[in-house]
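Heads up: the structure comes next, in C-alpha cells.
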Amino acid sequence: MATLQAVSGMNDLLPADGQGARWHRLETAFRDTSVRYGFQEVRTPLCEYAELFQRGVGEATDIVEKEMYTFDDRGQRRLALRPEGTASAVRAAIEHSVLARDPVVRWSYVGAMFRAERPAKGRYRQFHQVGAEVYGDDSPAVDAEVIDLASSFLQSIGITKFIVRVNSLGGAETRARYREALLAYFAPHREALSPESQLRLERNPLRILDSKDPRDQAFKAGAPSLVDALTPEDRAHFDRVQGFLTALGTPFVVDASLVRGLDYYSRTVFEIVDTSGSLGAQDALGGGGRYDQLFTELGSAKPVPAFGFALGIERLLLAAPVEEEKKPFRVAVVAVAKPDENTTHAGVLALARELRMHGFETVVDTRFGSMKSQMRRANDLAAAVVLLIGSNELAAEQVSMKLMATGEQRSVPRAALLDELTQTQRAPAATGAP
RNA sequence: GUGGCUGUAGCUCAGCUGGUAGAGCAUCGGAUUGUGGCUCCGAUGGUCGCGGGUUCAAUCCCCGUCAGUCACCCCA
C-alpha cells in the first residue's frame, strides 16, 4: 500500500456518485417524519467513556466484547467510539436532568456509529443510524407509536418491502424466571449445542434462541416459550402494543424467537427486516425496543421507562429506490475575452455574484479558457441559461442571454436581467434537458 | 475472527501457452480569431496494489502482505 487510504470499512461519499444527495434527502425525510411525531433532534459526542457502553449495552454482548473501538485518553480514562446511539442519549438525558423539566422526552438523532467488524455488504466499521427515543412513559402506546414512526419513515423514502417483527422479552422478573427455564431445558443438551451457544448458556441463554446454527436449531422448537413466562402485566402490555399497532394500521408479525443483541431491552422488542433481497445477508434495516432498566443502570436516581429504535442509513439506501434528481435551474456566466480580459472577467464575476445574491445557482468557469471551452463547460454542468459578457455587452450595458435547450439567444438590458431570468426559470421549457 | 473471489490509466475492462501494456468512456486541445450538445483529429494519463521468490526475462507462475468484495459470525 503505497498511498494513504481510508481506514478499512470507513467510506468516502463523493459528490459525483450522487450518494451525498441521497443521504441528504434521507436525513431530511427522517427529520420531517420525526418532527411530525413530536420528536426533537439531539446530538451527542461520537466518543464516550467506554464504561458507558459496558454498563449500558452489556459487558457480555458481542458489540462490547469484541467490536468496540476503544483507546486511552491522555489521562487514564478509557474512551470508546460509540457503537450505538441509545446509551449516549440516555447518558445525556440523565446528565442534564431533562426529565425534571419535561415529564416525557422524545428525542431523535442522526449520526455515525463505529463497530470493528469485518466489513461486508451493508455493514461498515463507520456506519450511520437514524434513531428515536422516548423517555418517561411506559405506556404501550409509546411502543406502538414509535414502531409506527419507524414504519412510516420507511414508507416515506419508498421502502415498501419489509417486515416488522415484534416480541416481548418481559420485564426483569420475567427475564430472570425465563432464564432459569432455558437453563433447565438446554443444560442436558449442552454437548450437542454449537460452541457459541455453549458459551451463551452461561452468559445469556436467551441468545441461543437467536442462533442460526443448525445444531442449535434442532432444540429451539422444544424450548420453553418466552410468551408463557410473561407475567400478567407483561402480557397485558404486549397485548395492548399489538392492539395499538393494529389500530394504527402498522403491519407486524409476532416472532417469539426474536431476541436483540443488546442487553438493555425489556418487554417489547422489534426488528425491521428488508424483504426486497437487495441487502444480501445483512437484511436487518434496524430495530429497537423498550429498555426500562437502562436509566437506573446508568446511574439515574429514579427509574425512567424508555423506548427507542435505530435504523442503518447505509442499509436503508441499499433498500430504497433511487429517485431521479431534480435538475436545478442553473446559470452559467461566460466571458468573452476580447479585447480587454480583465474588464470582462471582472464583469463576469460581479454579475455572477449579483445573481447568487438573488438566489440563482450560478457557475463561472474561472479558468476563463476559450469561449468554446467555457460553453462546453456550461453544457457539461447542465446550465439552462448562459449569459455572455464581452466588450460589446459591457459597453451597451447589456447581457447576451442564451437558452441552452433551444439555442435561442437575445440581448437583455442589464437592468432587466433579473426579471428575465425569473421568468425563464418559471417557463418549464427552459429548464428541460438540452 | 474464519473462508471464497478479486486487485492493470480517473472509471469500466482487454492483455493468447511468461518477452516491462491497450481499448472505450472521462479530461484537455484542435477542426472559422465572440458560442455548447453530434462527428472527426490529436494530447495528457499506468513503478500492471505492495514486498519477496522462480526465471535470461513476470502484469501473467509461487509465497507473503495490504485492500476491496461476498459469505459465516453478529448486527444497523
Side-chain angles (χ1 to χ4, degrees), chain A residues 1-11 14 16-17 57 61-67 82-86 111-131 150 194-197 199-200 207 210-214 216 258-262 271-274 279-288 309-319 332 334-339 344 365 367 369-394 400-409 433-434:
Chain A
M1 180 177 56
T3 51
L4 246 28
Q5 46 185 259
V7 175
S8 174
M10 306 197 181
N11 305 118
L14 303 179
D17 300 334
V57 178
T61 59
D62 281 3
I63 292 176
V64 167
E65 218 167 41
K66 48 191 187 188
E67 297 172 0
R82 62 181 183 191
E84 57 102 49
T86 297
M113 310 295 162
F114 301 84
R115 291 182 202 173
E117 293 182 275
R118 182 82 169 262
K121 184 175 191 177
R123 181 175 68 192
Y124 307 102
R125 290 185 170 178
Q126 177 179 327
F127 64 102
H128 300 77
Q129 290 185 329
V130 298
S194 67
E196 293 78 22
S197 286
L199 269 176
R200 290 182 184 124
R207 300 272 298 286
D210 210 22
S211 170
K212 291 171 189 160
D213 194 299
D216 302 331
L258 174 62
V259 178
R260 305 274 310 153
L262 289 70
E271 190 167 271
I272 302 182
V273 178
D274 171 77
L279 285 184
Q282 276 70 46
D283 61 354
L285 293 169
F309 76 89
L311 298 165
I313 294 181
E314 286 85 352
R315 292 183 186 182
L316 294 173
L317 288 172
L318 283 172
V334 162
V336 182
K338 290 185 171 181
T344 53
D365 184 356
R367 291 172 299 181
S370 66
M371 258 205 84
K372 188 190 187 74
S373 67
Q374 290 184 69
M375 288 299 295
R376 227 199 305 261
R377 185 69 184 150
N379 189 60
D380 290 344
L381 294 174
V385 171
V386 171
L387 302 176
L388 301 137
I389 305 265
S391 47
N392 299 342
E393 286 80 359
L394 286 173
S400 294
M401 179 165 130
K402 175 163 184 165
L403 305 184
M404 294 298 271
T406 60
E408 176 200 344
Q409 181 170 329

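In this text the structure is predicted, and so the values were computed from the model without any measurement. By convention in this document, chain letters (A, B, ...) are assigned in the order of the sequence lines, proteins followed by strands, and residues within each chain are numbered from 1.
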How do A:Gln409 and A:Gly9 order along RNA chain B: which one's closest nucleotide is nearer the 5' end? A:Gln409

Across all strands, who's sitting opposite B:rA67 as a Watson-Crick or G-U wobble pair, both distances under 3.5 Å? B:rU6

Rounded to whole Å, the CG-C1' distance (A:Leu258 to B:rC75) equals 12 Å

List every contact pair, protein side and nucleotides 25-31 of chain B side both N or O, where the distance is under 3.5 Å.
unit_1	atom_1	unit_2	atom_2	d
B:rC28	OP1	A:Arg367	NH1	3.3
B:rC28	OP1	A:Arg367	NH2	3.3

Who is the Watson-Crick or G-U wobble partner of B:rA31, with both distances under 3.5 Å? B:rU39

Would you measure the distance from the C1' atom in B:rC11 across to the matching atom in B:rU17 and give it in whole Å? 31 Å

Is a side-chain donor or acceptor of A:Glu271 paired with a backbone partner of A:Ala284 at a separation under 3.5 angstrom? no

Using 0.5 Å steps for rounding, measure from the CZ atom of A:Arg118 to the OG atom of A:Ser8. 8.5 Å

Report the distance from atom CG of A:Leu279 to atom C1' of B:rU69, rounded to the nearest whole Å. 16 Å

Strictly by Watson-Crick or wobble contacts shorter than 3.5 Å, is anything paired with B:rC61, and which nucleotide is it? B:rG53

Who passes side-chain hydrogen bond (donor to acceptor under 3.5 Å, both in side chains) against A:Arg82, sequence neighbours left out? A:Thr44

Minimal heavy-atom distance between A:Leu285 and A:Ala319, with the atoms involved, is CD2-CB, 4.1 Å

Return all side-chain donor-acceptor pairs below 3.5 angstrom for residues 124-131 of chain A, not counting sequence neighbours, or 'none' if the list is empty.
unit_1	atom_1	unit_2	atom_2	d
A:Tyr124	OH	A:Gly122	N	3.4
A:Arg125	NE	A:Glu117	O	2.6
A:Arg125	NH2	A:Glu117	O	3.3
A:Gln126	NE2	A:His128	NE2	3.1
A:His128	ND1	A:Glu314	OE2	2.8

Between B:rA76 (C1') and A:Arg125 (CZ): distance, integer Å: 16 Å

Could you measure between the two P atoms, the one in B:rC75 and the one in B:rG4, and give it in whole Å? 25 Å

Measure CG/A:Asp365 against C1'/B:rU35 and give the value in whole Å, please. 14 Å

Using whole Å, report how far CE of A:Met404 lies from P of B:rG37. 9 Å

For B:rC72, which nucleotide in any strand shown is its Watson-Crick or wobble partner with both distances under 3.5 Å? B:rG1

Listed pairs, N/O of protein and of nucleotides 1-7 of chain B, under 3.5 Å:
unit_1	atom_1	unit_2	atom_2	d
B:rU2	O4	A:Arg118	NH1	2.6
B:rG3	O6	A:Arg118	NH2	3.1

Assigned partner base of B:rG46, Watson-Crick or wobble definition, under 3.5 Å: none

Round to a whole Å and report the spacing from CE of A:Met375 to C1' of B:rG34. 11 Å

Looking only at side-chain N and O atoms, does A:Ser8 come under 4.0 Å of OP1 or OP2 in B:rG68? yes

Check every strand shown and say whether A:Glu393 touches a base, only sugar-phosphate, or nothing at a heavy-atom separation below 4.0 Å. base

Side-chain heavy-atom pair A:Thr344, A:Leu394 within 4.5 angstrom cut-off: yes

Near-strand residues of residues 310-319 of chain A, defined as heavy-atom separation under 4.0 angstrom from RNA chain B: A:Gly312, A:Arg315

Mind checking the CG-CG spacing from A:Asp274 to A:Leu279? Nearest 0.5 Å is all I need. 4.5 Å

note: A:Lys121, atom NZ; B:rC70, atom C1'; distance rounded to Å ~ 9 Å

Watson-Crick/G-U partner (both atom distances under 3.5 Å) of B:rU12: B:rA23

What verdict does the side-chain contact (heavy atoms from CB on, under 4.5 Å) test give for A:Leu387 and A:Val334, after you've listed the backbone C-alpha separation in whole Å, the side-chain angles of each residue and the deciding distance to 0.1 Å? CA-CA 6 Å; A:Leu387 302 176; A:Val334 162; over 6 Å; no

B:rA57 and B:rA67, which share atom name P, separated by this distance in whole Å: 32 Å

Check whether the side chain of A:Asn379 and the base of B:rG37 form a donor-acceptor pair under 3.5 Å. no

Which whole number of Å gives the distance between the P atom of B:rG10 and that of B:rG49? 13 Å

Suppose you measure atom C1' in B:rA26 against the same atom in B:rA71; what distance do you get, rounded to whole Å? 35 Å

Side chain A:Arg115, main chain A:Pro83, donor-acceptor under 3.5 Å: yes

For RNA chain B, whose closest nucleotide is more 5', that of A:Gly286 or that of A:Met10? A:Met10

If every non-hydrogen atom of A:Lys402 is compared with every non-hydrogen atom of A:Gly407, which pair is closest and at what distance? CE-O, 3.9 Å

Using whole Å, report how far CD of A:Gln126 lies from P of B:rA76. 17 Å

C1'-based separation of B:rU54 from B:rC16 [nearest Å]: 23 Å

Are A:Arg123 and A:Arg315 side-chain neighbours, meaning at least one heavy-atom pair lies under 4.5 Å? yes

Using the C1' atom as the point on both nucleotides, what is the distance between B:rC5 and B:rA9, in whole Å? 24 Å

Does a side-chain heavy-atom distance below 4.5 Å link A:Gln409 with A:Leu388? yes

What's touching nucleotides 11-13 of chain B from the protein side, N or O pairs under 3.5 Å?
none

Taking all non-hydrogen atoms of both residues into account, name the closest pair between A:Gly9 and A:Pro119 and its distance. CA-CG, 3.8 Å

Report yes if the side chains of A:Ile389 and A:Val336 come closer than 4.5 Å at any heavy-atom pair, otherwise no. no

Nearest-angstrom distance, C1' atom, B:rG30 to B:rG22: 24 Å

Can you find a heavy atom in the side chain of A:Leu381 that is under 4.5 Å from one in the side chain of A:Asp365? no

